[in-house]
Amino acid sequence: MCGIVGYIGKRQAAPILLEGLKKLEYRGYDSAGLAVRAEGGGVSVVKTKGRLSRLCEETADGARLAGTCGIGHTRWATHGEPSEENAHPHKCMDGSVTVVHNGILENYRELREKLTRKGYVFYSQTDTEVIADLIDYYFKKYRSGPVDAIARFMSRARGSYALAVLFSGYEDIYVARKDSPMIIGAGRGEHFIASDVPAILKYTKRVFYIDNGELARVGREDVAFFNIDREPVEKQSVKVTLDENAAEKGGYEHFMIKEIHEQPSTVELTLNAYLSGGAVDFSECNVDDGFLRADAIVVVACGSAYHAGMTLQYVAERLARIPVRVELASEFRYRDPILAKNTLVVAISQSGETADTLAAVREAKARGARTLAVVNVRGSSIAREADRTLYTFAGPEIAVATTKAYSAQLVAGYLLSLEWGRLAGRLTAAQIAEYVAELRTLPQKIKDILEHKEDIQKFAAEHATASDVFMIGRGVDYTVCLEGALKLKEVSYIHTEAYAAGELKHGTISLIEEGTVVFGVMTQGGVLEKTASNLEETRSRGAYTVTLSFAGEKIAADAEVALTVPRTDELFAASLAVIPLQLLGYYMSLQRGLDVDKPRNLAKSVTVE
Ligand code: G6P
């Protein structure tokens, strides 16, 4: 949700900023802008509406903005429509403070009124312009320098922000952070600022993590950190292990299809990290039996991570017989949730920055629960705030619609379920070893599905004009439908509904018309026939039906199309059944000529509520 970058050093800033913004464009892409300080002179700003390529054109790939210090932004609109005016950077009224911002200033109306009374006039509808003016106000009123002015702003601000600020007459870049991600990269005689590590990997792997409520002065040679009381804070840089190429397309046409193809390795890496022989071993993450043993599990997550949590619920309850509740983080945080004694709260998040999931972790901690994060991005906020973190090994995921990170989350859920089963005395070591052996077959089976992706491509070509799609299933299959439907909606904009097959009759079946495409996901033996009947019910009302089942399974439904995936244990079926549905989303989007990696209105990392 909005990406920010900054550079200060000896090189020309603008091309480096544009390079960084390209890596962050997945965070927002309705407008973009740069501010560069000319040598010994003022700060020039260029902003454009639309994709980043427009800003590159406008600045001749940065050549038109000379200077070795600057900040940049790619926007996902919150306050004010996408327009050149509302794009960042924003300047204060007299132009002496220039700001890029990620987050939402919640009390911006009240602050805007205050500033209006003080004579400030606003040119945009953004909360960020208010930030620039408020910092300017404190800067001029107290005359105690940039750190003091920003700290005063932080004391007055409600909401979330990652800020990079330039002041006229000051060489350095000033940054501050609360509940929005930001890191500082350290090079030789230069420093980088970014919302996310991939934006600076090309230049350095040494980063400083700036904590919540902290601010920093970033110079060419040094960085100084402060807390909100302006007291210095000591910090060491850490080396990140990400590979720069991991965030490139590597010969694929889009990130989404590249990431779909990376799933065998994602699943394998995540399994390898936590399996030792035929058993699960979380010792690397300091997650021991005492921490995991719980009377109840509550999963909090958003989007696809929530769907991975739904699968975890079915699997864990079956294997361990411990009650598992899955909640949308945005609901959990505000509904005064009841957490029984000895509840373990599991927060699932690819980015580790989703505002609602982070808030849910805080809420759970405040209520005395233990918190375990299942997170993909190292060092992210949720990973740092939860009591323990199980990392998934998906590597950088760039396409807005998640695929490989979701697959890794499923695996983490299976491994946790096996552990809870062991702790509950419901699984013997031999049974666990059998499940583990089956899990180890998943990467190859995913590869096998991907080898037949042309079947899905062909299906997409024939049905790209579909206006309504339904996906029905029961148990784990229902959770696959939820994720499959989300993929199709996100990237192909086709209205798709996921339904628990047994629930269809209670209203939704009235939407089935001649030619409506209905998928029946059918991998769960005990309820196969039930779903088959539900699919038949739609077919007899004109639906065009598609079954998705294990190869070799006898399905008691006359469908128009039969898709299969290799057989696995039913509990792990989501990992295979979801693959054709991800491919379906991808190919439908291509057929419809859409921007598959950057679907309209979406952002990958949702750092606002
Ligand atoms: C956004 C993304 C989804 C993602 C969700 C949760 O909406 O578009 O793909 O599932 O956020 O993100 P997280 O990083 O917490 O997994």
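Numbering of ligands and ligand atoms starts at 1, following listing order.
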Working for side chain to side chain contact (heavy atoms under 4.5 Å, CB included), residues Y478 and Q524: CA-CA 10 Å; Y478 170 47; Q524 304 294 297; over 6 Å; no
Contact atoms of ligand 1, heavy-atom distance to S349 under 4.0 Å: 13 (P), 14 (O), 15 (O), 16 (O)
Enumerated ligand 1 atoms positioned under 4.0 Å from heavy atoms of S351: 13 (P), 14 (O), 15 (O)
Aromatic contact, Y499 with F470 (centres under 6.0 Å): no
Ring centroid separation Y252 to H261 under 6.0 Å: yes
Aromatic centroids of F459 and F519 separated by under 6.0 Å: yes
Q350-ligand 1 polar pair, N/O distance under 3.5 Å: yes
Enumerated ligand 1 atoms positioned under 4.0 Å from heavy atoms of S304: 10 (O)
Proximity flag A401 to ligand 1, non-hydrogen atoms under 4.0 Å: no
Enumerated ligand 1 atoms positioned under 4.0 Å from heavy atoms of V400: 8 (O), 9 (O)
Check: E397/N376 side-chain N/O donor and acceptor closer than 3.5 Å: no
